[in-house]
Amino acid sequence: MSEQKLPTRAEDFNEWYNQLVIRAELADYAPVRGCMIVRPYGWALWENIQASLDQRFKATGHLNAAFPLLIPKSFLEREASHVEGFSPELAVVTIGGNKELEEPLVVRPTSETVIGHAYAKWIRSYRDLPVLINQWCSVVRWELRTKLFLRTLEFFWQEGHTAHATFEEAEEETRRMLEVYADFAVHEAALPVIPGIKSESERFAGADRTYSIEAMMGDGKALQSGTSHNLGQNFAKAFDIQFLDRDGERKFCWTTSWGLSTRLVGAIIMVHGDDQGLVLPPRLAPFQAVIVPIHKNDDERAQVMEAIAGLQRELMAAGIRVKLDARDGLTPGFKFNDWEMRGVPLRIEVGPKDVAKQTVALARRDRPGKEGKAFVARDGVAAAVSATLNDIQAALLAKATAFRDARIRDVTTYDDFKEAIETGFARAWWAGDAALERQIKEETKATLRCIPLEQPGATGACFMTGRPATTQAIFARAY
RNA sequence: CGGGGCGUGGCUCAGCCUGGUAGAGCAUUCGCUUUGGGAGCGAAGGGUCGCAAGUUCAAAUCUUGCCGCCCCGACCA
């Protein structure tokens, strides 16, 4: 339950976020630094994200499996850049059953290695390929600075791991899953995202190519919201994943991995939330509509609750996730604020006047105050609710897209660039290298988020080097 | 690891400077009145003051050490 106002986003975006996560009851701090307890409301949101993604994974031919939490430390060391990338943030188990272990075990920071080990055993022939497996799990990375949902020591995600006979197939898979993420982000989470490829310096440790979807948060900063890696033959060589091809030759597989985490919950909060609290996209909201009964005495209460019972049945039958707030002793006003904090897309008020007039009041979360409130006929209300939820879903995407586009600036000079990243993304022709990226980062805190897949097609002069460039890149400060 | 802040009922905090019976608001429980935008009154329960040592007749308060958490920076999904 929430009793006071949040800081506004303009006042202190960071504090707004921290308080909102706690007060909307999405998550809480755990007894261990940097760890998070995902509360039922937050988990319900994650479950909807899972269901929606899982269905897409299955539709593209993937199966779920479960690989172990503990991995021999030596596994991590087999792929040179992988160990270099992850060793600083490993949690290592050295004692088991009171005895020092012969070989330390790491708590998985990601599962390429242990899955690579399994694939080496399972894959014999080109007929075994492709292998398309996903797992839902949590992983641990010993981060220095943490923040609920965005960066915690343990986080929940899915990681897909596939093996293919050719580079082209692996690349196709990598791009397909990036497309799945983008489609999910746009159509389910109402997050406009920019799919693109990472520069060498931002690449996953052990990948040949890393793709990501980048979203703009409500403060103009970027959040990498899903990644897809073409691992080439790096892990196949490290774990000896070979197959006998049609031509009778033994060859190394081409593997991919792709992941999307509970960080996406953070994206939803920071993109759609407003000064009243959370705003959830209807397609993912644990409750799409909340019914608030209004009554002054027992008579009214009986009437109203009876009307609501029928209403609730009808909405549920129409497939709408509806919550009845029958809590005693709280005023309607309190409940309005409470559910606004928790981001329920649509509020349905039912009072004595509604019962008498055969109406209900619908209040849209995305349009505060009277503007978003409408009285509709009780008859056919399920259709009206469904239509309104669709409207809200579309409105959230449109609003977020407009916000983002207004804050992407095409820049041609470093000065313009510095100005652009104060409020959003800078887009520019780019022909620089890793050293220049590092310099830009040191001077401005902005990083190369991605080189968007969608390019204007022309050429231009790199905004830093002046050299001819064939692609534009997106730069921003990022979470 | 650097900088900042904070540890006192479930939560937010006051009290500490200047040592002397542990406080407030919110929450909880009960009662009555309320209920279309964060209700009111009355009563009640609830605290090893982060841990340890020291100073003192006496420590939430002073001293020293330790631990933990949050925020900002470097590193990262």
Contact class for Q224(A) vs. all strands (heavy atom < 4.0 Å): base, sugar-phosphate, or nothing? sugar-phosphate
State whether R145(A) places a side-chain N or O below 4.0 Å from either non-bridging phosphate oxygen (OP1 or OP2) of rC72(B). yes
Between the main-chain N or O of L362(A) and the side-chain N or O of K373(A), is there a donor-acceptor pair closer than 3.5 Å? no
Just checking K370(A): base, sugar-phosphate only, or nothing, at a heavy-atom cut-off of under 4.0 Å? nothing
Nucleotide forming a Watson-Crick or wobble pair with rG54(B), both distances under 3.5 Å: rC62(B)
Roughly how far apart, to the nearest Å, are rU34(B) and rC41(B) at atom P? 15 Å
P spacing across the pair rU21(B) / rU64(B), given as an integer number of angstrom: 25 Å
Base of rG38(B) paired with side chain of E340(A) (donor-acceptor, under 3.5 Å): no
For the residue pair F155(A) and W157(A), categorise the inter-ring angle as parallel (less than 30°), tilted (30 to 60°) or perpendicular (more than 60°). perpendicular
Rounded to whole Å, the CZ-P distance (F334(A) to rG38(B)) equals 11 Å
Using the six-membered ring wherever Trp is involved, compare the ring planes of F75(A) and H117(A) and label them parallel, tilted or perpendicular (cut-offs 30° and 60°). tilted
What's the CD1-C1' distance between I348(A) and rG36(B), to the nearest Å? 16 Å
Please tell me whether Y211(A) and W258(A) form a close aromatic pair, meaning their ring centres lie under 6.0 Å apart. no
Is there a donor and acceptor pair closer than 3.5 Å between the side chain of D338(A) and the base of rG38(B)? no
Of R203(A) and K353(A), the one whose nearest nucleotide on RNA chain B sits closer to the 5' end is K353(A)
Who is the Watson-Crick or G-U wobble partner of rC69(B), with both distances under 3.5 Å? rG5(B)
Could you measure between the two C1' atoms, the one in rA14(B) and the one in rA22(B), and give it in whole Å? 11 Å
Within the structure, does a side-chain N or O atom of N297(A) lie under 4.0 Å from either OP1 or OP2 of rU35(B)? no
Could you state the CZ-C1' distance from R342(A) to rG38(B), rounded to the nearest angstrom? 16 Å
Rounded distance in Å - CG (L150(A)) to P (rC72(B)): 11 Å
Base-pairing assignment for rU34(B) (Watson-Crick or G-U wobble, both under 3.5 Å): none
I'd like the P distance from rU48(B) over to rC70(B), given in whole Å. 25 Å
How long is the line joining CG of D12(A) and P of rC71(B), in whole Å? 11 Å
Would you say rC72(B) has OP1 or OP2 under 4.0 Å from some side-chain N or O of N14(A)? yes
On RNA chain B, does the nearest nucleotide to S261(A) precede the nearest nucleotide to A30(A) from the 5' side, or the other way round? Give the residue. A30(A)
Could you check which nucleotide pairs with rC49(B) in any of the strands shown, counting Watson-Crick or G-U wobble with both distances under 3.5 Å? none
What's the NZ-C1' distance between K147(A) and rC70(B), to the nearest Å? 12 Å
From rC75(B), rU35(B), rG37(B), pick the nucleotide closest to the side chain of N337(A)? rG37(B)
Could you check how far CG of D28(A) sits from P of rC11(B), rounded to whole Å? 10 Å
Distance between the C1' atoms of rG65(B) and rG73(B), in whole angstroms? 28 Å
Rounded to the Å, how far apart are Y17(A) OH and rC71(B) P? 11 Å
Roughly how far apart, to the nearest Å, are rG19(B) and rG2(B) at atom P? 34 Å
Assigned partner base of rU29(B), Watson-Crick or wobble definition, under 3.5 Å: rA43(B)
Geometric cation-pi criterion K147(A) and F149(A), 6.0 Å radius, 45° cone: no
Basic-acidic side-chain contact under 4.0 Å: D219(A), R9(A): no
Taking the six-membered ring of F425(A) (Phe, Tyr or Trp), confirm whether the NZ or CZ of R449(A) is under 6.0 Å from its centre and within 45° of its axis. no
Applying a 4.0 Å non-hydrogen cut-off, can you work out what R301(A) is touching in the nucleic acid: base, sugar-phosphate, or nothing? nothing
Using the P atom as the reference point in each nucleotide, state the distance between rU61(B) and rA43(B) in Å, no decimals. 33 Å
Rounding to an integer number of angstrom, what distance separates rG40(B) and rG25(B) when you compare their P atoms? 13 Å
With a 4.0 Å cutoff (strictly under), does any side-chain N or O of T331(A) reach OP1 or OP2 of rA39(B)? yes
